[in-house]
Amino acid sequence: MNDKKLTTRAADFSAWYNETVLRAELADYSPVRGCMVIRPNGYGIWERMQRALDDMFKATGHRNAYFPLFIPESFLHKEAQHVEGFAPEAAVVTHGGGKLLEEPLVVRPTSETIIYSMFAKWVQSYRDLPILINQWANVVRWEMRTRLFLRTLEFLWQEGHTAHVTHDEAEAETRMILGLYRTFMEEGMAMPVITGLKSESEKFAGALRTYSCEAMMQDNKALQAGTSHNLGQNFAKAFDLKFQSESGSMEYAWNTSWGVSTRMVGGLVMTHGDDNGLRIPPKLAPTEVVIVPIWKSEDERARLLEAAGQVKQALTTWGGRGDDRLRVHIDAREGMKPGAKYYEWELVGVPLRLELGPRDLANGSCMAARRDTREKASLSLDGLPETVSALLATMQGDMLRAARERREANSIREAISYDRFKEVMEGDGAFVYAGWNGDPAVEAKVKEETKATIRCIPEPEFVTQGAATTCMVTGEPAKHTVIWAKAY
RNA sequence: CGGGGCGUAGCGUAGCCCGGUAUCGCGCCUGCUUUGGGAGCAGGAGGUCGCCGGUUCAAAUCCGGCCGCCCCGACCA
């Protein structure tokens, strides 16, 4: 038994995931059941996700704010569907300062209630709208079964909350954010997603409509990677969020809320990881390039470390990407063979490794190894920053392309019988595009029989085979073409 | 909460049936030799055997109770 090797994805995908997260030091189990510690390697990825998204939110007119962790229990009860959805998994504080509280406080599972209660104070006129707020926060949901990053009792996320004058404006916001998430996931995470509408049974508790980004993991299961909700006037009515319109009438505001979480880190692992560990797309990699100097003698060690320092200097001071400087680390550890370092950095997922030894130095070159393909090539030290930058950009694109090809290879777009569908779901699984008559009972039956659910009613651009005409289960006329899959 | 499994060094484990103060591997520390794909040798440190109680001259081992964790279900970003 060689415990240096990870369990392979083919042997046990779930075990592979856990080992990869733990051994790449993204996270660790905490003393509290169902909670996790996010370690620097994992938090560094989250920070880069935050930075990219935060810039996008700001660019579209949103501003950050912060609302309290504690919510009066009564707030949760003001919207009927909302309480039904979240009360069962609420953590409730009953004591403070050694005394029983007059009203219990719920640790936020999401912040609609407290935020819209505040919006109600701030809005009198249509001129006060829209309000475009985002907050970065932790939330708590008392889940029965947990998994690192994918489902923990406490997780980090951002939640956007907006209020608008009209339904259409709120709908446009909801859709705009959905597109923003998609752009980030595809261009930043190199993780292709399908955007679409959630069915009634899968929509957010209290929403009019929920849209989501659905990604396919390497076990062909779907991961809901982000959601954007048009809340209609449900919360505005519950919290008396009203404004006087231009014509003088009193109207309830139209709200949206939307969020992505540290779950995306899990999605990143399950989208790009291989049997050697993590593969981080360059844009999200805290370290894009690791330099491994190689030496034999003490004399060589001094020379190579100096040369490595110069290479790092050349890379990090290069301004070809503007303010976005290349992120470079030198692995100068002694007493560790180069091969051992290679395996370690591959496990951690650093996109590009530059090996620099006496032979390379003599040639004025270095050996570059791509993490995504594990291909090696000799690169001239002349113009290295340009070469490296271009290579990283190529890798970013290649990783997205490879992930998209994998998804399509495991999608079923042609008509399929329900019997065949059951076989697929019992076997390798897939994203199955099929007709649905729109009946929630059919959805429930399929879930009961196969564990697959409707991931979304995809936007038209994803339905490349043309809309389905009949329901896969009943044979009745199809109301929608939907994507069926097992999900995390 | 229902069904199954497991708690022994930082991690992974043997020992338990058949009682005698704990095995092996990885990791860690020191020294020397190494360093272009997971180094070798030598020496060393590290343990309330999940917790409480019982039986016994003696408990990791047998008995009772409790706690925790993992997997499968119900619930879910």
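Naming: A, B, ... by sequence-line order, numbering from 1 per chain.
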> Which base sits across from rG27(B) as a Watson-Crick or G-U pair, both distances under 3.5 Å?
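Looking at the geometry, rG27(B) pairs with no nucleotide.
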> Out of rG38(B), rG37(B), rC1(B), which has the shortest distance to the side chain of Ala340(A)?
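Of all the options, the side chain of Ala340(A) is nearest to rG38(B).
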> Toward the 5' end of RNA chain B, which comes first, Ala487(A) or Leu356(A), by nearest nucleotide?
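With Ala487(A) and Leu356(A) compared, the 5'-side residue is Leu356(A).
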> Which listed nucleotide (rA77(B), rU35(B), rC75(B)) is nearest to the side chain of Ser261(A)?
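Ranking rA77(B), rU35(B), rC75(B) by closest atom to the Ser261(A) side chain puts rA77(B) first.
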> Taking NZ, NE, NH1 and NH2 as the nitrogens, is one of them in Glu459(A) or Arg175(A) under 4.0 Å from a carboxylate oxygen of the other?
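A salt bridge links Glu459(A) with Arg175(A).
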> Could you tell me whether Phe204(A) contacts a base, only the sugar-phosphate backbone, or nothing, with contacts defined as non-hydrogen atoms closer than 4.0 Å?
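Counting heavy atoms under 4.0 Å across all strands, no contact is made by Phe204(A).
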> Could you give the distance separating rA9(B) and rA42(B) at their C1' atoms, to the nearest angstrom?
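To the nearest whole Å, 22 Å.
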> Less than 6.0 angstrom separating the ring centers of Phe184(A) and Tyr181(A), yes or no?
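That pair fails the under 6.0 Å test.
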> Once you apply a heavy-atom cut-off of 4.0 Å, does Thr146(A) come out as touching a base, just sugar-phosphate, or nothing?
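No contact.
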> Compute the ring centroids of Phe75(A) and Phe239(A), then answer whether they are less than 6.0 Å apart.
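When the ring centroids of Phe75(A) and Phe239(A) are compared, they turn out to be within the sub-6.0 Å range.
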> Identify whether a stacking contact exists between Tyr342(A) and rG37(B), where the ring centres must be under 5.5 Å apart and the planes under 30° apart.
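Aromatic stack with rG37(B) absent for Tyr342(A).
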> Sticking with atom C1', work out how far rA22(B) lies from rC29(B), rounded to a whole angstrom.
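It works out to 23 Å between them.
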> In whole angstroms, how far is the P atom of rC26(B) from the CD atom of Glu19(A)?
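Result: 18 Å.
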> Quick one: does NZ or CZ of Arg353(A) land under 6.0 Å from the six-membered ring centre of Tyr342(A), within 45 degrees of the ring axis?
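The answer is yes, since Arg353(A) meets both limits relative to Tyr342(A).
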> Under 4.0 Å between any heavy atoms, over every strand shown, what does Glu143(A) touch: base, sugar-phosphate, or nothing? Just pick one.
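Glu143(A): base contact, heavy atoms under 4.0 Å.
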> Are Phe86(A) and Phe204(A) close enough that their ring centres sit under 6.0 Å apart?
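Yes; Phe204(A) has its ring centre under 6.0 Å from that of Phe86(A).
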> Ignoring hydrogens and angles, answer whether the base of rG37(B) and the side-chain atoms of Lys376(A) contain a donor-acceptor pair closer than 3.5 Å.
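For Lys376(A), whose side chain was compared with the base of rG37(B), there is a donor-acceptor pair (under 3.5 Å).
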> Sticking with atom P, work out how far rU21(B) lies from rG4(B), rounded to a whole angstrom.
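Straight-line distance between the two P atoms is 36 Å.
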> What is the distance, rounded to the nearest whole Å, between atom CE of Met336(A) and atom P of rA39(B)?
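Rounded to whole Å, this separation is 8 Å.
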> Can you tell me, in whole Å, how much space there is between the C1' of rG44(B) and that of rU56(B)?
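About 38 Å, rounded to a whole number of Å.
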> Counting side-chain heavy atoms from CB outward, which of rA77(B), rG36(B), rG38(B) is closest to Lys5(A)?
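Ranking rA77(B), rG36(B), rG38(B) by closest atom to the Lys5(A) side chain puts rG38(B) first.
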> With both distances under 3.5 angstrom, what nucleotide forms a Watson-Crick or G-U wobble pair with rC18(B)?
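Looking at the geometry, rC18(B) pairs with no nucleotide.
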> Can you tell me how far C1' in rG46(B) sits from the matching atom in rU23(B), rounded to whole Å?
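Per the computed distance, 16 Å lies between those C1' atoms.
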> Given that both distances must come in under 3.5 Å, which nucleotide forms a Watson-Crick or G-U wobble pair with rG2(B)?
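By the stated definition (distances under 3.5 Å), rC72(B) pairs with rG2(B).
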> Measure the distance from CD on Glu25(A) to P on rG10(B) and round it to the nearest whole Å.
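Computing the Glu25(A):CD to rG10(B):P distance gives 17 Å.
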> By the 4.0 Å heavy-atom rule, please label Thr227(A) as base, sugar-phosphate, or nothing.
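Answer is nothing: Thr227(A) stays at 4.0 Å or more from every strand.
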> Name the nucleic acid region contacted by Leu150(A), choosing base, sugar-phosphate or nothing; use a 4.0 angstrom heavy-atom cut-off, strictly under.
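Leu150(A): base contact, heavy atoms under 4.0 Å.
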> Assert yes or no for the condition that the ring centre distance of His229(A) to Tyr211(A) is strictly below 6.0 Å.
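No, they do not, as the ring centres are separated by 6.0 Å or more.
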> Can you confirm whether the side chains of Arg147(A) and Ser14(A) place a donor and an acceptor under 3.5 Å from each other?
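Judged by distance alone, the side chains do pair up.
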> Since syn is defined as within 90° of 0, does rU21(B) count as syn or as anti?
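rU21(B): syn glycosidic orientation.
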> Which of parallel (below 30°), tilted (30 to 60°) and perpendicular (above 60°) describes Trp258(A) and Phe57(A)?
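Answer is tilted, since the angle falls between 30° and 60°.
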> Ignoring hydrogens and geometry beyond distance, is the side chain of Glu346(A) in donor-acceptor contact with the base of rG37(B) at under 3.5 Å?
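Side chain to base: pair present.
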> Between Lys486(A) (NZ) and rG73(B) (P), how many Å, whole number?
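Spelled out: NZ on Lys486(A) to P on rG73(B) is 9 Å.
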> Whole angstroms only, please: what is the NZ-P distance between Lys341(A) and rG38(B)?
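Distance, rounded to whole Å: 14 Å.
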> Report the distance from atom CZ of Arg353(A) to atom C1' of rG36(B), rounded to the nearest whole Å.
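These atoms are roughly 11 Å apart.
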> Identify the nucleotide, in any strand shown, that forms a Watson-Crick or G-U wobble pair with rG53(B), with both distances under 3.5 Å; if there is none, say none.
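Pairing partner: rC63(B).
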> If we take the P atom in both rC49(B) and rA59(B), what is their distance in whole Å?
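Here rC49(B) and rA59(B) have their P atoms 11 Å from each other.
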> Work out how far the P atom of rA60(B) is from that of rC51(B), and round it to whole angstrom.
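Roughly 11 Å separates the two P atoms.
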> What nucleic acid atoms does Arg333(A) come within less than 4.0 Å of, heavy atoms only: base, sugar-phosphate, or nothing?
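Arg333(A): no heavy atom of the nucleic acid under 4.0 Å.
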> In whole angstroms, how far is the C1' atom of rU35(B) from the CZ atom of Arg359(A)?
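It is 13 Å, rounded to the nearest whole Å.
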> Lys337(A) has an atom NZ; how far is it from atom P of rU35(B), in whole Å?
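Going from NZ in Lys337(A) over to P in rU35(B) covers 7 Å.
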> Taking pairing as Watson-Crick or G-U wobble with both contacts under 3.5 Å, can you name the mate of rU13(B), or confirm there isn't one?
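WC or wobble partner does not exist here.
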> P atom, rC17(B) versus rG64(B): distance in rounded Å?
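rC17(B) and rG64(B) have their P atoms separated by 14 Å.
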> May I ask which nucleotide in the shown strands pairs with rC32(B), Watson-Crick or G-U wobble, both distances under 3.5 Å?
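Checking every strand shown, rC32(B) finds its partner in rG40(B), with both distances under 3.5 Å.
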> For Glu154(A) and for Met144(A), find the nucleotide of RNA chain B with the closest heavy atom, then tell me which residue's nucleotide is more 5'.
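Nearest nucleotide further toward 5': that of Met144(A).
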> When we call it a touch if two heavy atoms are under 4.0 Å apart, what does Pro358(A) touch: a base, just sugar-phosphate, or nothing?
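It contacts base atoms.
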